[in-house]
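What follows is a single structure, written as structure tokens, with notes after it.
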Amino acid sequence: MNNPWTKKDLMSLYDLSAEEITLILDTAQEFKKVSQRKIKKVPALRGKTVVNLFIEPSTRTRISFELAEQRLSADIININAEASSLRKGETLLDTVRNIEALQADLVVIRHSAAGAPNFLASRVRCGIVNAGDGAHSHPTQALLDLFTMREKKGTIKGLNVSIIGDILHSRVARSDMWGLLKLGANVTFSGPSTLVPREFEAAGVRVCDNLEDALVGADVVNLLRIQHERQRSGFFPSTGEYARVFGLNKESLKYIKPDALIMHPGPINRDVELASALADGPQSVILEQVTNGLAVRMAVLFLVAGCLK
Ligand code: CP
């Protein structure tokens, strides 16, 4: 596969052009075919060493990065942060410099601090792939969301995409927003006003206080989890009230297009932001998002590794 990619790191969709995003999606489309073969492996990263450094919990992202690395034939090291010298006070930068001294080519990092991957990327030679940093950015989640929308709807341009929930603390909302706007979608944010800053209007997003207004005519509804781990105070009276006012349920279906996609990055708080019947219903593409995450992460690793010195 030809590789016109020029960046050693993947930090945020904010940094990418529409052409670069499309290159990743097109590359992922090719890699999706690898997982449909009898032998689900290619030698694209043979001889490269990838280190997975997850300093915040993860199921989907961690597993699909590791599987993507295996499918690309990379050598893989998984660091258990709790059992590492980070626990003895070693800094993140010293940790990654030591990883680099062992000739690692790429570090995939998840961190609770916004900006941790950017801090590393400008200080080390190896490639850094952001697997989610605080409330800042989760580029591969947005890419798999875009991939799923494009696969199902044919194009992103002109789609009405409503993103509902805890926008304030969501790296997925920010990453989806940049990717969707760059590819020409119409983006609406909705949720309790305490969790949906009006500042996003300046970026070109429509902000709705009312869920029904946000849902009318939607081609895609992406539900976000309330991120209790990032909230310092109560942003709404109770989980029950949130579910009644902003949860997507069968009643909500009358507002969205009949063929609208229901998406969620996971993990789902069932019957809070999304009714179980819809999460498991015919419009849900939530597990297809997970499947597509593997192809997208293969594409990202392949492209980034291809331009390392
Ligand atoms: N969507 C997502 O990032 O899920 P994990 O936290 O399980 O990786």
Side-chain angles (χ1 to χ4, degrees), residues 9-16 20-22 24-25 27-28 31-32 52-69 108-112 114-118 128-152 156 159 161-183 185 187 189 220-227 229-230 261-269 273-274 279 284-301 303-304:
D9 312 295
L10 179 72
M11 294 290 111
S12 163
L13 294 204
Y14 178 81
D15 307 326
L16 303 186
E20 287 171 318
I21 294 170
T22 303
I24 298 174
L25 302 184
T27 308
F31 277 122
K32 189 165 179 179
N52 297 311
L53 181 55
F54 279 67
I55 311 175
E56 197 189 51
S58 169
T59 297
R60 282 147 288 270
T61 313
R62 185 176 56 77
I63 292 172
S64 63
F65 262 114
E66 187 175 342
L67 190 55
E69 293 149 15
V108 177
I109 180 166
R110 169 167 288 196
H111 203 290
S112 58
N118 304 66
I128 303 287
V129 176
N130 184 358
D133 62 324
H136 173 231
S137 177
H138 193 351
T140 57
Q141 178 66 46
L143 288 162
L144 75 87
D145 291 345
L146 294 170
F147 184 95
T148 306
M149 290 179 215
R150 192 180 78 158
E151 187 176 63
K152 293 286 174 190
I156 302 291
L159 282 184
V161 181
S162 298
I163 303 178
I164 316 294
D166 182 359
I167 307 290
L168 180 65
H169 301 97
S170 175
R171 54 194 175 209
V172 176
R174 284 169 181 72
S175 300
D176 278 355
M177 175 186 82
W178 292 122
L180 287 163
L181 291 175
K182 283 174 191 233
L183 296 189
V187 182
F189 283 167
V220 177
V221 188
N222 196 7
L223 287 313
L224 301 178
R225 182 176 64 88
I226 298 299
Q227 308 221 359
E229 73 274 25
R230 295 191 217 286
L261 307 178
I262 294 176
M263 301 179 69
H264 194 301
I268 304 171
N269 288 320
E273 68 269 14
L274 179 59
S284 169
V285 293
I286 294 169
L287 292 177
E288 288 177 72
Q289 288 173 259
V290 177
T291 302
N292 292 334
L294 174 60
V296 159
R297 288 173 178 126
M298 287 174 79
V300 165
L301 292 165
L303 292 169
V304 171

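Model, not experiment: these values are computed from the prediction.
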A side-chain contact here means heavy atoms from C-beta on lying under 4.5 Å apart; do Leu301 and Val108 qualify?
yes
For Glu20, which residues count as a salt bridge (charged side-chain N to carboxylate O under 4.0 Å, His left out) partner, sequence neighbours excluded?
Lys7
Sequence neighbours left out, what passes side chain to side chain donor-acceptor pair (under 3.5 Å) with Arg150? Give chain and number order.
Asp26, Gln29
Indicate yes or no: at least one non-hydrogen side-chain atom of Leu146 is less than 4.5 angstrom from one of Leu183.
yes
Which atoms form the tightest heavy-atom contact between Ala279 and Leu274, and what is the distance?
CB-CD2, 3.6 Å
For residues 135-145, pull every pair meeting salt bridge (Lys or Arg N to Asp or Glu O under 4.0 Å), keeping only residues two or more places apart or in separate chains.
none
Of the options Val220, Leu224, Leu223, Val221, which is the one that meets Ile163 in a side chain to side chain contact (heavy atoms under 4.5 Å, CB included)?
Leu224
Got a sec, which residues hit side chain to side chain contact (heavy atoms under 4.5 Å, CB included) with Pro267, two or more places apart in sequence or on another chain?
Arg60, Arg225
May I ask you to test the Ile262-Val285 pair for a side-chain heavy-atom distance under 4.5 Å?
no
Does Ala295 have any side chain to side chain contact (heavy atoms under 4.5 Å, CB included) partners at least two apart in sequence or in another chain, and if so, which?
Ala28, Lys32
Does either side chain, that of Gln289 or that of His264, offer a donor lying less than 3.5 Å from an acceptor on the other one?
no
On a heavy-atom basis, which atom in Pro117 and which in Ile128 lie closest, and how many Å separate them?
O-CG2, 3.9 Å
Any chance the side chains of Arg297 and Ser64 put a donor and an acceptor closer than 3.5 Å?
yes
Note, Met177 side chain near Phe189 side chain (heavy atom, < 4.5 Å):
yes
Can you name the ring-ring contact (aromatic ring centres under 6.0 Å, His included) partners of Phe147, sequence neighbours left out?
none
Partners passing side chain to side chain donor-acceptor pair (under 3.5 Å) against Asn52 (at least two apart in sequence or in another chain)
Glu69, Asn78
By salt bridge (charged side-chain N to carboxylate O under 4.0 Å, His left out), which residues pair with Lys182, not counting sequence neighbours?
none
Do the side chains of Phe54 and Ile109 get nearer than 4.5 Å, heavy atoms only?
no
Is the backbone of His136 close enough, under 3.5 Å, to the side chain of Asp133 for a donor and an acceptor to pair up by distance?
no
Could you check if a side-chain atom of Asn130 sits within less than 4.5 angstrom of a side-chain atom of Thr140, using non-hydrogen atoms only?
no
Heavy atoms, side chains only, cut-off 4.5 Å: are Arg110 and Glu56 in contact?
yes
Apply the side chain to side chain donor-acceptor pair (under 3.5 Å) test between Thr148 and each candidate in Thr291, Asn292, Asn222; give the one that qualifies.
Asn292
How far apart are the closest heavy atoms of Leu144 and Val296, and which atoms are they?
CA-CG2, 3.8 Å
Who passes side chain to side chain donor-acceptor pair (under 3.5 Å) against Ser175, sequence neighbours left out?
none
Is it true that His138 and Arg174 share a donor-acceptor pair across their side chains at a distance under 3.5 Å?
no
Looking only at heavy atoms, what is the nearest atom pair of Val161 and Ala185, with distance?
CG2-CB, 4.4 Å
Side chain to side chain contact (heavy atoms under 4.5 Å, CB included) partners for Ser162, two or more places apart
Ile164, Thr188, Ala218
Sorted by chain and number, sequence neighbours left out, side chain to side chain contact (heavy atoms under 4.5 Å, CB included) with Leu67 holds for Gln70, Arg71, Leu294
If you look at every heavy atom in Ala142 and Leu13, which pair is closest and at what distance?
CB-CD1, 3.6 Å
